[in-house]
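Every number for a ligand or one of its atoms is a count from 1 in the order of the listing.
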Amino acid sequence: MNTESTEAKIIAWLATQEQAMLDALEAMVNTDGGSYDKAGVDAVGQIVKDFCESHGIAVETVRGEKFGDCLRAVLPHEGSGAVRTRGNQAANIVLMGHRDTVFPKGEPTRRPFTIKGGRAYGPGVADMKAGLVMNMFVLAAFKKFGGAPGPMVGLFTGDEEIGSPEGRAVIEEEARGARVVFNSEPGRATGNVVTGRKGGVFSIFEIEGKAAHSGGNFEAGISAIGELAHKIVAIHALTDLKRGITLNVGLVSGGQSVNTVAPSATGQIDLRYVNPADRDEIMGKIHAIIEKSYVPGTKAKLTIKGEFLPLTQDEAAARLFAMYQGAAKDAGLDVKPEFSGGCADSGFTAAQGAPTICSVGPVGGLAHSPEEYLEVASFVPRAQAMARAVLRLESAGL
Ligand SMILES: [Zn+2]
């Protein structure tokens with residue numbers, strides 16, 4: 001097999017696909033799919049499925065109960081010769097992305113897909129429907145021309161924006177059999193990719209006090225709001241910026257009326273950290289604060305609502321980045337590594353030992369806002385960079 005000519009064919013074909021990519025993106029952006037809208041996220045999945053199947057790529061569905069299904073577009077290894085293994089199976093080259101968005105129902109009707117001055121707009125246009133489209137076209141290119149150094153899987157999940165409550169198990173299983181993982185979250189506004197991310201734990205604590213008339217029967221009351229105030233100060237004091245540990249109580253509620261000693265109060269905590277070992281230490285300290293009663297007589301409990309693991313870079317992931325950087329350079333892109341405090345599914349795959357690189361999708365910015373945009377001109381080169389990187393895995397010892 002002449003790899004060089006396969007690479008040239010793939011690169012040339014992708015160069016002709018910008019309009020087709022934009023058409024697929026338009027259909028996806030205009031299909032409503034917030035994380036809690038299973039039907040909508042699955043409708044976006046149907047677009048992925050139809051595209052893959054029309055290009056001869058089989059798609060498996062892992063049903064989600066409450067949230068969008070996970071789809072696995074599977075491209076078996078077609079060449080001869082040995083492929084890399086993990087465990088006792090051929091290791092998959094995984095292209096990953098999520099289909100859900102953060103937007104409320106009806107957003108695409110209010111703000112449909114548009115292109116103005118080289119930028120595309122619409123809910124999820126960059127985060128991360130463009131990345132999904134890119135993954136689809138890269139898979140289609142390898143299906144059409146062959147040349148992939150092993151089996152490939154496109155993993156399309158449905159609940160990343162709420163911490164992947166159902167997707168996580170599927171992602172972790174995929175990662176355990178993965179050779180490498182490319183997560184096509186949007187490239188940074190600078191065009192850079194992400195090689196490290198913080199982990200995050202999102203939790204809620206509920207405090208129980210005792211109601212009493214705050215004028216007539218003050219001494220009989222136990223203030224849950226008083227307790228809340230103490231806990232917030234103690235939790236925030238766990239912040240350690242040097243270690244990259246931050247704590248934010250971002251939502252609070254409580255009380256019954258201004259003249260009632262508050263019988264209940266709640267707070268929601270966002271913990272972010274860099275070093276995987278720090279997680280249990282800080283969670284232990286949070287638990288101690290929740291269990292302690294600063295206001296005698298109050299009780300409290302803590303529930304974890306969602307969690308992401310940090311994206312860490314081991315030696316193999318560093319080689320993956322260096323190789324990707326060269327592949328991007330050949331596609332005309334100057335790409336540097338960035339660290340992000342934001343969380344993503346790439347943390348789960350890295351934690352399973354799969355060399356992972358994140359934010360290799362087309363370049364965009366202002367995600368999660370009405371101003372979210374995609375740089376249209378980055379669509380083709382980012383797809384070419386990924387295709388080249390897949391072709392060069394072997395040479396990078398991956
Ligand atoms: Zn995203």
Side-chain angles (χ1 to χ4, degrees), residues 24-25 28-29 31-37 40-41 44-45 47-48 64 67-71 94-104 107-108 111 113 120-136 154-168 170-171 174-175 181-200 202 270 272 306-311 338-350 356-375 378-379 382 386:
L25 182 61
M28 257 190 215
V29 169
T31 304
D32 211 344
S35 304
Y36 295 98
D37 176 7
V41 176
V44 178
I47 297 172
V48 174
F67 307 112
D69 298 336
C70 288
L71 302 178
V94 177
L95 315 185
M96 187 165 74
H98 65 86
R99 309 193 305 280
D100 59 320
T101 72
V102 294
F103 297 102
E107 193 74 1
R111 256 186 336 109
F113 180 84
Y121 298 87
V125 68
D127 184 13
M128 60 171 286
K129 288 174 172 175
L132 302 179
V133 170
M134 186 189 87
N135 288 357
M136 283 154 44
L155 183 64
F156 300 86
T157 69
D159 57 0
E160 191 268 353
E161 296 290 3
I162 52 171
S164 301
E166 290 184 351
R168 178 175 175 174
V170 181
I171 291 164
E174 194 71 57
V181 176
F182 295 92
N183 195 27
S184 301
E185 289 280 357
R188 315 294 282 174
T190 52
N192 289 343
V193 299
V194 171
T195 52
R197 287 184 182 276
K198 284 189 173 181
F202 314 102
D270 176 1
R272 304 283 171 124
E307 174 155 12
F308 279 111
L309 299 179
L311 171 61
E338 266 187 38
F339 183 88
S340 169
C343 299
D345 283 334
S346 45
F348 294 133
T349 60
T356 299
I357 184 169
C358 196
S359 299
V360 293
V363 175
L366 304 176
H368 299 198
S369 83
E371 290 78 36
E372 177 184 9
Y373 67 88
L374 171 80
E375 304 281 8
S378 72
F379 228 146
R382 296 290 273 209
M386 179 186 263

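Atom NE2 is the N/O/S atom of His98 found closest to the Zn ion (ligand 1).
Counting backbone and side-chain atoms alike, Glu185 contributes an N/O/S atom closer than 2.8 Å to the Zn ion (ligand 1). At least one N, O or S atom of Asp127 sits under 2.8 Å from the Zn ion (ligand 1).
The OG1 atom of Thr101 sits 8.5 Å away from atom CG of Asp127, with the distance rounded to the nearest 0.5 Å. To the nearest 0.5 Å, atoms CZ (Phe67) and OG (Ser164) are separated by 10.0 Å.
Because its NZ or CZ atom is both nearer than 6.0 Å to the ring centre of Phe103 and within 45° of the ring axis, Arg111 counts as a cation-pi partner of that residue.
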**Intermediate values then yes/no, side-chain contact (heavy atoms from CB on, under 4.5 Å), Arg188 and Val193** = CA-CA 6 Å; Arg188 315 294 282 174; Val193 299; over 6 Å; no
